Amino acid sequence: MDLIKQYIVQCIVSAANNLRLSTEKIEVVALLREEITHAEDLENLIQEMKKVTELSTFAIKLGEVFTYLAMGKIDFLKLSDKFKEHGSYIAREFSNLLDKISPQIYRQISFSMKEHMLTSKLSVTMSETVTEKKGIVLEEIHEIKSSELFIKEKESAQPDSDKLKEEFILELEEKSDDILFEKFEERILTPIKAIDQFLKELSPEKINYDELEKFYKLMEKNAEISSKIGFEIIASMHSIFAKALLLIKSQSLQPVKEVLEGMRACLIVIVAVVRGKEVDITNYLNRAEKFGKQIQDIN
């Protein structure tokens, strides 16, 4: 990630950390962060955002920060103070933005912006009479439309039980060659299936201490990485899970049903927030946080 993207992403994360966010708003933050991180042309993306009613005021603020970084003479000795200023500068409009849109609405806006940018790209390509490039751009637009249809189908599907909801959240999609995953997301999501299976087999009578130690170290490290990036809820869920493993290892906590449910709630929240699953996870978040408080003072 280049310096300008990293700076703007950190400004957004800093602003978000100073707001009281619901799980839906956290998803929007994650989606916006991913959009900026993967933008091929950040300046063009910000211009497209300015054209969208729900994003326009916030995009104007982002544009001013972008201009400062791209055009201005940066005084690196005062950069920390400037960063705080920019974070405060965008926080109010960011809060208004999060009050206006849901993850579903943001996804629809995002697809529309990408389609418009790709259509513009197609116009340039056509003027150059490069047929091969035209086909590539059309294929990209088709992929976006297909993805949009897929998401709408997901939104229309109503899970009829907590079990189906959990399976949907914890299901890890197959990786496709035409989908780029951020390294952070890969690191967080890749071990989830194995950890969930470990929980299913864990009981007071059956504890695999080698696997327990391995997953404890992994969750501790991922908590640290998540915290550094600014995903405090993801970091918190990892820390709660890691501490539970440590307490089970020391036999200060028994892996009974209630404990395992609390630990699994942590996994569900992690995957839902990182992957942006269209499922209400409020109950799982509350259960995980309650479990964290319960084990907080256990040594």
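It should be emphasised that the depicted structure is a prediction, and the values quoted were computed from it without experimental measurement.
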J.: May I ask you to decide if Ile295's main-chain N or O and Lys243's side chain share a donor-acceptor pair within less than 3.5 Å?
T.: yes
J.: First locate atom CD1 of Ile8, then atom NE2 of His86, and finally report the distance between them rounded to the nearest 0.5 Å.
T.: 9.5 Å
J.: Nearest 0.5 Å, what's the CE-CG distance between Met219 and Leu245?
T.: 7.5 Å
J.: Using side-chain hydrogen bond (donor to acceptor under 3.5 Å, both in side chains), reason through Glu201 and Gln197 one step at a time and then give a plain yes or no.
T.: CA-CA 6 Å; Glu201 297 173 357; Gln197 185 60 39; 2.9 Å; yes
J.: With a 3.5 Å distance limit and no angle check, can you tell me whether Ser56 reaches the backbone of Thr53 through a side-chain donor-acceptor pair?
T.: yes
J.: Let me confirm one number: the CG-OG distance from Asn222 to Ser227, rounded to the nearest 0.5 Å.
T.: 12.0 Å
J.: Taking it one step at a time, do Arg107 and Leu31 satisfy side-chain contact (heavy atoms from CB on, under 4.5 Å)?
T.: CA-CA 8 Å; Arg107 282 188 173 86; Leu31 290 169; 3.7 Å; yes
J.: Decide, yes or no, whether a salt bridge links Lys293 with Glu289 under the criterion of side-chain N to carboxylate O below 4.0 Å.
T.: no
J.: Atom CD1 of Ile234 and atom CD1 of Ile225: how far apart are they, to the nearest 0.5 Å?
T.: 12.0 Å
J.: Using 0.5 Å steps for rounding, measure from the CZ atom of Phe241 to the CZ atom of Phe215.
T.: 8.0 Å
J.: Quick one, Phe58 and Asn96 - any side-chain contact, counting heavy atoms below 4.5 Å?
T.: no
J.: Take Lys249 and Glu213, measure what salt bridge (charged side-chain N to carboxylate O under 4.0 Å, His left out) needs, and give me the verdict at the end.
T.: CA-CA 8 Å; Lys249 179 183 177 182; Glu213 178 69 18; 2.5 Å; yes
J.: Go through it in stages, so that I can follow the logic: the residues are Leu3 and Leu69, the test is side-chain contact (heavy atoms from CB on, under 4.5 Å), and I'd like the CA-CA distance, side-chain angles, deciding distance and then a yes or no.
T.: CA-CA 9 Å; Leu3 178 61; Leu69 295 168; over 6 Å; no
J.: Decide yes or no for Phe94 and Leu98: does some side-chain heavy atom of the first lie under 4.5 Å from some side-chain heavy atom of the second?
T.: yes
J.: Within the 4.5 Å heavy-atom criterion, are Ser226 and Ile188 side-chain neighbours or not?
T.: yes
J.: Please determine whether a side-chain nitrogen of the Lys or Arg among Lys200 and Asp196 lies less than 4.0 Å from a carboxylate oxygen of the Asp or Glu.
T.: yes
J.: Could you report the tightest heavy-atom contact between Ala235 and Ala223, atom names first, then the distance?
T.: CB-O, 3.5 Å
J.: Not counting sequence neighbours, list each pair that qualifies as a salt bridge (Lys or Arg N to Asp or Glu O under 4.0 Å) and has a residue in residues 89-103.
T.: Lys25-Asp99
J.: Can you list the steps and then say if Met49 with Ile60 is a side-chain contact (heavy atoms from CB on, under 4.5 Å)?
T.: CA-CA 9 Å; Met49 291 171 70; Ile60 290 170; over 6 Å; no
J.: Judged by atom type as modelled, is there a donor-acceptor pair below 3.5 Å linking the side chain of Thr37 to the main-chain atoms of Arg33?
T.: yes
J.: Let me see the working for Glu54 and Tyr106 under side-chain hydrogen bond (donor to acceptor under 3.5 Å, both in side chains), right down to the final yes or no.
T.: CA-CA 9 Å; Glu54 295 89 342; Tyr106 185 85; over 6 Å; no
J.: When you compare the side chain of Met113 with that of Lys51, does any pair of heavy atoms fall below 4.5 Å?
T.: no
J.: Atom CG in Leu246, atom NZ in Lys217: separation rounded to 0.5 Å?
T.: 11.5 Å
J.: Could you go step by step and tell me if Ile248 and Leu202 meet the side-chain contact (heavy atoms from CB on, under 4.5 Å) rule?
T.: CA-CA 10 Å; Ile248 292 172; Leu202 188 61; 4.1 Å; yes
J.: For residues Pro204 and Val256, report the shortest heavy-atom separation together with the two atoms involved.
T.: CG-CG1, 4.3 Å
J.: What is the minimum heavy-atom distance between Tyr284 and Ala265, and which atoms define it?
T.: O-CB, 3.6 Å
J.: Are side-chain heavy atoms of Tyr7 and Ile12 found at a separation under 4.5 Å?
T.: no
J.: Would you indicate whether the side-chain heavy atoms of Ile268 and Leu285 approach each other to under 4.5 Å?
T.: no
J.: Please give me the minimum heavy-atom distance between Ile240 and Cys266, naming the atom from each residue.
T.: CG2-SG, 3.7 Å
J.: Flag the pair Glu261 / Arg264 as yes when at least one side-chain heavy-atom distance between them is below 4.5 Å, and no otherwise.
T.: no
J.: With sequence neighbours excluded, what pairs up with Ile26 under the side chain to side chain contact (heavy atoms under 4.5 Å, CB included) test?
T.: Leu21, Ile233, Val273
J.: At their closest point, which heavy atom of Ile36 faces which heavy atom of Leu45, and how far apart are they?
T.: CA-CD2, 4.3 Å
J.: Please test Ser22 against Glu24 for side-chain hydrogen bond (donor to acceptor under 3.5 Å, both in side chains), starting from the C-alpha separation and ending with a verdict.
T.: CA-CA 5 Å; Ser22 64; Glu24 274 210 343; 5.7 Å; no
J.: What pair of heavy atoms forms the shortest contact from Glu186 to Pro191, and how long is it?
T.: O-CD, 4.4 Å
J.: May I ask you to test the Leu97-Val28 pair for a side-chain heavy-atom distance under 4.5 Å?
T.: no
J.: Which residue is it: Glu211, Lys214, Met263? I am looking for the one with a side-chain contact (heavy atoms from CB on, under 4.5 Å) to Phe198.
T.: Glu211
